[in-house]
Asks: 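Sharing a structure with you now.
Starting from 1, each residue takes its place in the sequence as its number. Computed from a predicted structure; not experimentally measured.
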Amino acid sequence: MKLATFMQPLHHKGWDYHEMYDQDIACAVHADSVGFDELWVGEHTSQRTEPITNALQFLSTLIPLTQRMKLCTGVLNLPHHFPARIAADAAMFDHMSKGRFIMGIGPGGLASDFEVYGSNGKDRGQMMVDCYEMIRAIWGADAPYAFTSEHYQVILKDAVHHALEIGYMPKPFQKPFPRVATTAMSPFSGTAKLAGAKDWDLMSANFNPTATVASHWQAYCEGAKGAGIKPDANNWRVARSVFVADSQAQAEDYLAQETCTLRRYFDYMIDNLATNHYTKIFKTRPDMTDEEVTVDHCINEMVIYGDVNSVTEQLVAFSEQTGPFGTLMTTFHEWDDEALWRRSMALTAQQVMPRLNDYMTPRLKAQERAHD
């Protein structure tokens, strides 16, 4: 079992851009040093408090600063990119990182990005698939290139000069391609089903109730089986907000603070998704009203906190309801208390994960046998 951290990243008002980037880099370097296996970084063009506009550009700064972690896009919003650009950039990054790359892709999730890129009203899910398939086609072919889909066209024929290798586009370091992953948020997500059918890795969002997370794996298996693919829970990453303290009392005292970063995070997420009339993803009952979607509700349903023993027990209980998964993705939350959050990451990697791994590994093997 592996341990990852996911960075939207979300900060709060009052920070300048370079200050946010500095903290994000510090968190990434610390994660690598204490034993995390993967770092996933999101991107948005038009949200000041989610300041990373280009995940690959940010991750490239971490190549010389980290030693062991995979550096992963979480995610590249493909409808807002041109296939040839991403094919070239991702291949370059894969070589620069010597294969420490997993390519997370998605259809985009921010309304202001949809507006600025003109993707409102378009089938962004199909655009994502078209873009990725064209990227794969570019990586799998030699010049000249001529690829056309409903949404994209990549033509490079007349300017090709074989003797000078002009018109040649880079292929990845990993053969044949870097592993690809995508995200799921909605109950019984269509994207999760698509991931299963395409044999992509799956990531379940940290702001989903437990039942919704469980439904993602059901949808993934349905898609995989329909395509004749054996689903493998080792390829499922489940994100959760996890805070580990030296004592249960310390964790509870921190969460009781109205201004702690976890409470501010969910307050922001509720307001953000409410603007898109999408608070349903927080709900645990069909008849649950928007007014019942409160910060306390989200903390109770979507945050795992306490001392090492308590957090381990909560993760075990959580996985009993979702089924086994191959990677725990802990969510980066702004360091309002840097020492506490650094300590939490170290305790998660060095004390929680060995115990969780002892529990999860036999279940993953049993799940694998069940699908034989």
Asks: Taking side chain as C-beta onward, heavy atoms only, is Q367 less than 4.5 Å from W236?
Replies: no

Asks: Salt bridge check: are R263 and D267 linked by an N-O gap of less than 4.0 Å?
Replies: no

Asks: Atom CG in N54, atom CD in E43: separation rounded to 0.5 Å?
Replies: 6.0 Å

Asks: Check the orientation of F177 and W139. Use parallel for under 30°, tilted for 30 to 60°, and perpendicular for over 60°.
Replies: parallel

Asks: Roughly how far apart are T330 OG1 and F332 CZ, rounded to 0.5 Å?
Replies: 11.0 Å

Asks: Do V316 and M360 make a side-chain contact, defined as non-hydrogen atoms from C-beta onward lying under 4.5 Å apart?
Replies: no

Asks: F266 and V295: which non-hydrogen atoms are nearest, and at how many Å?
Replies: C-CG2, 4.3 Å

Asks: Kindly compute the distance separating SG (C260) from CG (D253), expressed to the nearest 0.5 Å.
Replies: 11.5 Å

Asks: In Å and rounded to the nearest 0.5 Å, what is the CD to OG1 distance from Q321 to T210?
Replies: 5.0 Å

Asks: Measure the NE2-CD1 distance between H80 and I86 for me, rounded to the nearest 0.5 Å.
Replies: 12.0 Å

Asks: Which pair of non-hydrogen atoms, one from G74 and one from F6, has the smallest distance, and what is that distance?
Replies: O-CE1, 3.3 Å

Asks: With rounding to the nearest 0.5 Å, note down the distance linking CZ in R85 to CD1 in I138.
Replies: 11.0 Å

Asks: L59 versus F101: any side-chain heavy-atom pair under 4.5 Å?
Replies: no

Asks: Apply salt bridge (charged side-chain N to carboxylate O under 4.0 Å, His left out) to residues D142 and K171 and explain how you reach the verdict.
Replies: CA-CA 9 Å; D142 295 319; K171 294 177 170 57; 2.9 Å; yes

Asks: What I want to find out is whether K198 reaches E133 closely enough, with some N-O distance under 4.0 Å, to be called a salt bridge.
Replies: yes

Asks: Could you check whether Y117 and T45, counting side-chain N and O atoms only, form a donor-acceptor pair closer than 3.5 Å?
Replies: yes

Asks: Out of K70, R237, K2, which one pairs with D201 under the salt bridge (charged side-chain N to carboxylate O under 4.0 Å, His left out) rule?
Replies: R237

Asks: Any non-hydrogen side-chain atom of H12 less than 4.5 Å from a side-chain atom of T261?
Replies: yes

Asks: Hey, mind stepping through I281 and T212 against side chain to side chain contact (heavy atoms under 4.5 Å, CB included) and telling me if it holds?
Replies: CA-CA 8 Å; I281 68 169; T212 298; over 6 Å; no

Asks: What orientation do H11 and W15 show, parallel under 30°, tilted 30 to 60°, or perpendicular over 60°?
Replies: tilted

Asks: Would you check if R355 and N309 make a side-chain contact, meaning some heavy-atom pair closer than 4.5 Å?
Replies: yes

Asks: With a 4.0 Å cut-off, would you call R68 and D37 a salt bridge?
Replies: yes

Asks: Any carboxylate oxygen within less than 4.0 angstrom of a Lys/Arg side-chain nitrogen, looking at D199 and R179?
Replies: yes

